[in-house]
Amino acid sequence: MSVDESNKYSIEFYPPRTAEGETKLDAVHEKLAQLNPDFFSVTYGAGGSTKQGTQQIVLRYSARGSNVAPHLSFGGTDDEEVRTLLAAYKEAGINRLVALRGDLPSGAASHHRFASELVNFIRQETGDHFHIDVACYPESHPDSTSYDADVEFFKLKVDAGANSAITQYFYNSDAYFRFVDYCQGKGIDVPIVPGIMPITNYENLSRFSQNCGAEIPRWLRNRLEGFGDKKEDLREFGIEVVTALCDNLLDGGAPGLHFYSMNLAGSVTRIWNNLALSER
Ligand code: FAD
């Protein structure tokens, strides 16, 4: 299956846990849909959100005319649950998925299946129907034993049939460019799209980064800490820093950008417009 070159700029949501959150997300989706992203993606079981929530949001925004890619993982459940979801998505005209191992809910014992096994399973069940994205880590996945092993396991996902990849977020573009070179050297030839995390709240960003192994460079951490309670100033600074990062990535040949919106429209819209992505 060839990769659709037009699929360059995408925006990620997570399924809200409350009715109020859903109403807010509907408004955010409506605003962000005006930017005409190539697709939205919706996380699966991340941050304690329900799996049913993913399917509902995917089908709702798809019915409103957006291209939507559900995230999917085995996540400790049986094959049948994944098979049922694949059939429902196919039936609804969904043709793109983000396949992940997923993170376990706290208290769960162990992971029983890696993302490469899920990619294999999707290909076995549905052939070439879905364009499959997988995750990769320019600064290495926190569980990985070495940089090289992490890239080898990324390659397993591509060899199993992934069409493209989205990275964990980072604020150091050298980490991305070096990673892409290294992957290409290992024979990984799919587009590797940088995942972009807008900076809107320092405490949350710091916590996420700790958990997922993304580095906030010391200079940036110091600047962000310096804003204290001036949240609006921090957001403005974040927009400036992340716009420059994206510009640098695109100038250096990144094949697109995937925005982790955190269900907020403001910073994504500003960065998108600063970069004129709708025309780029
Ligand atoms: P894998 O590719 O399976 O890798 C996981 C770890 O195992 C890595 O350290 C890898 O090096 C190692 N490994 C892989 N294969 C093997 C093997 N055969 N033998 C030994 N070790 C191996 N989480 C969610 O819960 N829901 C989401 O919707 C979600 N969306 C995400 C979207 C993106 C773009 C990204 C970057 C992450 C997302 N995550 C999500 C987080 C992700 O699930 C976690 O980072 C998870 O810990 C790893 O998922 P993976 O698919 O990269 O796993």
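First listed ligand is number 1; within each ligand, the first listed atom is number 1. Only heavy atoms go into these numbers, but all of them, side chains included; no hydrogens, no water, no symmetry mates.
Within ligand 1, counting atoms from 1 as listed, the ones closer than 4.0 Å to a heavy atom of Thr43 are 27 (C), 28 (O). In summary, the atoms of ligand 1 found under 4.0 Å from a heavy atom of Asp143, numbered by their order in the structure, are 9 (O). In summary, the atoms of ligand 1 found under 4.0 Å from a heavy atom of Lys157, numbered by their order in the structure, are 1 (P), 2 (O), 50 (P), 51 (O), 52 (O). If you number the atoms of ligand 1 from 1 as listed, the ones under 4.0 Å from a heavy atom of Ile166 come out as 34 (C). Near Gln168, with a cut-off below 4.0 Å to any heavy atom, the atoms of ligand 1 are 36 (C). Atoms of ligand 1 lying under 4.0 Å from at least one heavy atom of Ala135, given by number and element, are 35 (C), 36 (C), 52 (O).
Each ring pair (Phe, Tyr, Trp, His ring centres under 6.0 Å) pair with one or both residues in residues 190-227, not counting sequence neighbours, appears once here: Phe227-Phe237.
The shortest N or O to N or O distance between His141 and ligand 1 is under 3.5 Å. By the 3.5 Å distance cut-off applied to N or O atoms, Gly102 is counted among the residues near ligand 1.
Residue His71 touches ligand 1 through its side chain alone, judged by heavy-atom distances below 4.0 Å.
Defined by atom type and a distance below 3.5 Å, a donor-acceptor pair is present between the side-chain atoms of Tyr169 and Ser209. Residues Ser206 and Arg221 bring a donor and an acceptor atom of their side chains to less than 3.5 Å of each other.
The shortest heavy-atom contact between Ile94 and His129 is O-NE2, 3.0 Å.
Within the 4.0 Å heavy-atom shell around ligand 1 one does not find Tyr14. Residue contacts with ligand 1 leave out Tyr169, since none of its heavy atoms falls under 4.0 Å from the ligand. Proximity of Asp150 to ligand 1 is established by a heavy-atom distance of less than 4.0 Å.
Inter-residue side-chain proximity for Ser144 and Tyr137 is flagged as unmet; no heavy-atom pair is nearer than 4.5 Å. Contact check for Pro15 versus Gln56: no side-chain heavy atoms found under the 4.5 Å cut-off.
Taking only non-hydrogen atoms, the option from Tyr44, Phe153, Phe74, Tyr137 nearest to atom 49 (O) of ligand 1 is Tyr137. Within the set Leu100, Asn211, Thr54, the minimum heavy-atom distance to atom 29 (C) of ligand 1 is found for Leu100.
Listed by chain and residue number, Phe13, His29 satisfy the ring-ring contact (aromatic ring centres under 6.0 Å, His included) test with Phe40 (two or more places apart in sequence, or in another chain).
Between Tyr89 and Phe130, the ring center distance fails the sub-6.0 Å criterion.
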Checklist entry - Between Phe170 and Phe179, does a ring-ring contact (aromatic ring centres under 6.0 Å, His included) hold up when you go through it step by step? => result CA-CA 12 Å; Phe170 54 87; Phe179 179 74; 9.2 Å; no
